[in-house]
Each structure stands twice: as C-alpha cells, then as structure tokens.
Amino acid sequence: MRKTMGRGAVLAGLGVHLPPGVVTNDMLAEALDTSDEWIRTRTGIRQRHIADPGVGTGDLAVEAGRRALASAGLSTVDAVLLATTTPDQSCPATAPQVADRLGLRGCPAYDVSAACSGFLYLLTTGAALISSGLFETVLLIGADTFSTTLDPTDRTTRALIGDGAGAVVLRAGREGEDGALLGFDLGSDGSQVDLLVVPPRGHFQMRGKQVFTNAVIRMTESVERVLSGLGWSVESVNHLVPHQANARILAAVADQLGLDPARTITNIGDVGNTVAASIPLALAHGVREERLRPGDRVVLTGFGAGLTWGAIALTWPGISITA
Ligand code: ACO
C-alpha cells in the first residue's frame with residue numbers, strides 16, 4: 001500500500017458514455033445456446049451496450065472525456081491518459097487522437113494497458129503525476145470496445161462483456177479535502193497470463209472458474225492492504241466500488257471482507273463487464289442514485305487479465321455529472 005504525501009490529487013470531474021445499442025440476454029439467446037435465466041442467475045447481467053461496427057474505443061472515449069471536462073468545469077488539462085485494451089490501432093496509442101478531438105492538441109497523451117484493472121492503474125499514474133508537482137490537472141479515460149475481441153459463437157464471453165467509456169479529471173489539491181485520493185495498491189502476476197488472454201489474431205479466451213477464484217482473492221487482499229495502510233476499518237467504508245465482473249464475484253468479495261453487501265455499488269445488470277470503463281461507469285451510477293455523497297469513504301477495487309489487480313481509497317467530492 002502506498003500513501004500520497006502532502007500535495008494531493010483530487011477528483012474534480014466525472015463523465016461517462018455508453019454506445020446506444022443494447023443487447024439483452026433474450027437477444028443473445030436467439031443466436032446462442034443460452035438463456036436469460038442462466039445469464040442472470042450466474043452473472044447478474046441483464047443486458048450490455050455494444051458499439052456499432054465502425055465505432056471505436058476512441059469515439060467512446062471522446063464523449064466520456066468531454067463530459068468529465070464539463071463536470072470539472074475545465075476546457076483544458078495538462079495531460080490526457082487513456083486506459084484501454086482495445087485501442088483503435090496497435091500503433092500509435094489512441095490517447096493523442098482523443099486529446100486532439102477534445103481540443104487538447106499539444107498536451108502529453110498516452111495509453112495505459114491493464115485490462116479490467118486499467119482504470120486503477122490509470123488513477124494511480126494520474127495521481128502520481130499530480131502529487132509529484134509535474135501537472136496541475138489530468139484527464140483520465142477508461143474506454144473499451146472489448147466486444148470486438150469476442151468469438152461470436154462463445155456464449156460465455158458474449159454474455160459477460162459490454163462496451164463503454166468513463167472518465168475523471170484529477171486536479172492538484174490537499175489530502176484533507178473531499179475528493180482526495182488517499183491510498184493505492186497495485187499488483188500483477190504474469191505467470192497466469194493464460195487465464196485471460198487474446199492471442200495474436202485470435203479471440204478472447206478465459207478460464208472462468210479460475211478467474212472467479214483469483215478475482216475474489218486478489219480484490220479482497222488488495223482492499224485489505226489499502227484499509228490497513230490508512231487505518232480505516234471495514235465498517236468505516238461507506239461504499240465499495242468494484243470492477244463489475246460478475247455479481248457473484250462482487251458478493252463474494254463483500255463477504256470475504258466482512259462488508260455489508262448493501263455498501264457495494266453495482267450496475268452490472270445494465271452494462272455487463274465493460275473492462276477499463278467499468279469502475280467510472282459504476283461511480284456514475286452511484287452519483288445518479290444519490291448514494292455517493294461528499295465526504296463518504298469510497299474504496300475502488302479491480303482485477304483482470306495480466307493478471308493485474310488493485311485498490312484505491314478516496315473520499316467522495318461534491319461533483320455533478322451531465323446525462
Ligand atoms: N449460457 C448457458 N450456459 C453456459 C453459458 C451461457 N452463457 N456460459 C457457460 N455455460 C455453461 C458452461 O459451458 C458449463 O457447461 P458444462 O457443464 O456442460 O461444461 C456450465 O454452464 C457451467 O459452467 P461453469 O463454468 O461451471 O459456470 P460458472 O457458474 O462458473 O459461471 C462464469 C461461469 C459466469 C464465466 C463464471 O465462472 C465467471 O464469471 N468467471 C469470471 C469471469 C470474469 O470475470 N472474466 C473477466 C473477463 S473480462 C477481461 O478480463 C478483459
């Protein structure tokens with residue numbers, strides 16, 4: 001667990017975007033040997049948003065980025081970072097084009113790749129750039145069109161995955177103020193790459209049961225390290241906002257932590273697993289439901305391909321989001 005020292009990074013804006021196309025479980029069941037009942041009971045997912053052909057990760061990222069800037073009341077930032085595992089092309093990174101389309105040509109812009117943990121890696125990187133004094137403001141966007149990696153005949157992965165984007169603005173501030181990012185834990189284990197992998201020119205492959213077990217263990221341990229580093233008790237945490245992998249995984253993490261499951265914020269039923277967009281989309285859901293209130297203690301956690309995992313603690317700021 002790492003703690004920021006002195007100058008802090010503060011959450012100043014939040015924006016999200018989902019492609020309009022919705023694929024319900026019943027629609028999947030028309031083409032695949034599956035059912036709404038199986039998907040809902042095994043995953044908690046009712047539907048997912050899927051980008052139309054020709055709509056890329058950058059397109060979704062631009063919309064979320066624009067909304068995060070509006071939420072922060074800013075028209076410019078010092079850097080744009082994009083977490084994605086499905087960039088618009090393998091070279092160059094997608095972030096410079098997103099920055100350009102947001103009217104931010106000239107500022108440093110680069111991609112971060114850590115699959116479903118991408119947003120946590122991104123927040124940690126952005127907070128470090130601010131805490132170091134290098135930048136005053138950063139725009140951080142998590143966006144994926146991971147549906148493009150799926151085997152169209154694979155009922156398991158198609159049931160889980162959705163597309164989307166979410167973004168935050170961080171600004172320099174004080175550690176004591178609402179919105180400050182306070183504790184960070186990140187990890188990886190490349191020896192287990194075969195649990196979740198998109199091989200060259202292949203489709204996404206997953207060992208579901210092993211992923212399930214690892215996700216519960218890694219997220220629970222990561223949250224525990226952050227809590228212990230900050231001296232926060234589990235009871236003092238108002239909201240756990242996990243990467244939305246599977247409703248049963250989220251329930252198991254709360255159970256392992258001894259956290260009241262009602263304190264977990266989840267929107268998986270509406271969006272599925274949106275990879276790097278998952279955590280900011282869940283945060284936006286928490287704001288819309290008026291569950292996240294200024295000063296609340298919030299812990300984010302995630303797990304994904306790599307393997308990668310992490311957790312970040314913050315207090316919630318007084319921010320509003322646009323539709
Ligand atoms: N509809 C109907 N049946 C299905 C479906 C489906 N959509 N998907 C799988 N099944 C079948 C399986 O083929 C299996 O059939 P079999 O017994 O005849 O072989 C049966 O259901 C049971 O499968 P299990 O694997 O035991 O089901 P489980 O309860 O473990 O649920 C699941 C599977 C949902 C995949 C679960 O293991 C899971 O959520 N794992 C974690 C997934 C995850 O988080 N992945 C991250 C992906 S994103 C990323 O990393 C970028």
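Atoms within each ligand, like the ligands themselves, are counted from 1 in listed order. Keep in mind that what you see is a predicted model, and the values were worked out from it rather than measured.
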*Just do the side-chain contact (heavy atoms from CB on, under 4.5 Å) check on Trp232 and Val299 with the steps written out, would you?*
CA-CA 11 Å; Trp232 288 6; Val299 179; 4.3 Å; yes
*For side-chain contact (heavy atoms from CB on, under 4.5 Å), just list the numbers for Leu60 and Thr145, CA-CA rounded to whole Å, side-chain angles, deciding distance to a tenth of an Å, and then say yes or no.*
CA-CA 9 Å; Leu60 305 184; Thr145 45; 3.7 Å; yes
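Nearest non-hydrogen protein atom to atom 48 (S) of ligand 1 is Asn273 ND2, 3.2 Å. Atom 40 (N) of ligand 1 has Gly208 O, 3.0 Å as its closest protein atom, hydrogens excluded (heavy atom only). Of the protein's heavy atoms, Ala245 CB, 3.5 Å lies nearest to atom 44 (O) of ligand 1. Nearest non-hydrogen protein atom to atom 39 (O) of ligand 1 is Asn246 ND2, 2.6 Å. The nearest heavy-atom contact from the protein to atom 49 (C) of ligand 1 is Cys116 SG, 3.3 Å. With respect to atom 43 (C) of ligand 1, the closest heavy atom belonging to the protein is Val211 CG1, 3.6 Å. With respect to atom 13 (O) of ligand 1, the closest heavy atom belonging to the protein is Arg155 NH2, 3.0 Å. The shortest contact between atom 24 (P) of ligand 1 and any protein heavy atom is with Lys209 NZ, 3.5 Å.
Of the candidates Met206, Arg248, Arg42, Arg207, it is Arg42 that places a heavy atom closest to atom 23 (O) of ligand 1. The nearest non-hydrogen atom to atom 35 (C) of ligand 1, considering only Thr85, Thr156, Asp36, Leu32, comes from Thr156. Of all the listed residues (Phe146, Phe212, Trp38), Trp38 holds the heavy atom that lies closest to atom 2 (C) of ligand 1.
When side chains are defined from C-beta on, Asn25 counts as touching Arg40, because their heavy atoms get closer than 4.5 Å. By the 4.5 Å heavy-atom criterion applied to side chains, Ile268 and Thr43 are not counted as neighbours.
Look at Phe204 and you'll find a heavy atom under 4.0 Å from some atom of ligand 1.
A side-chain contact (heavy atoms from CB on, under 4.5 Å) with Arg48 is found for one member of Ile39, Thr274, Asp270, Val22 and no other, namely Ile39.
Contacts between Leu28 and ligand 1 below 4.0 angstrom, taking non-hydrogen atoms only, are absent altogether. Of all the heavy atoms of Thr34, the ones lying under 4.0 Å from any atom of ligand 1 are found in both the backbone and the side chain.
Other residues sharing the hydrophobic cluster of Leu82, ordered by chain and number and joined by side-chain separations under 4.5 Å: Val62, Leu69, Leu74, Val77, Val80, Val98, Leu102, Leu104, Leu139, Ile141, Val169.
Polar contact with ligand 1: absent for Gly304 (N/O pair, distance under 3.5 Å).
Remark: Phe146 engages Phe204 in a ring-ring contact (aromatic ring centres under 6.0 Å, His included) (not counting sequence neighbours).
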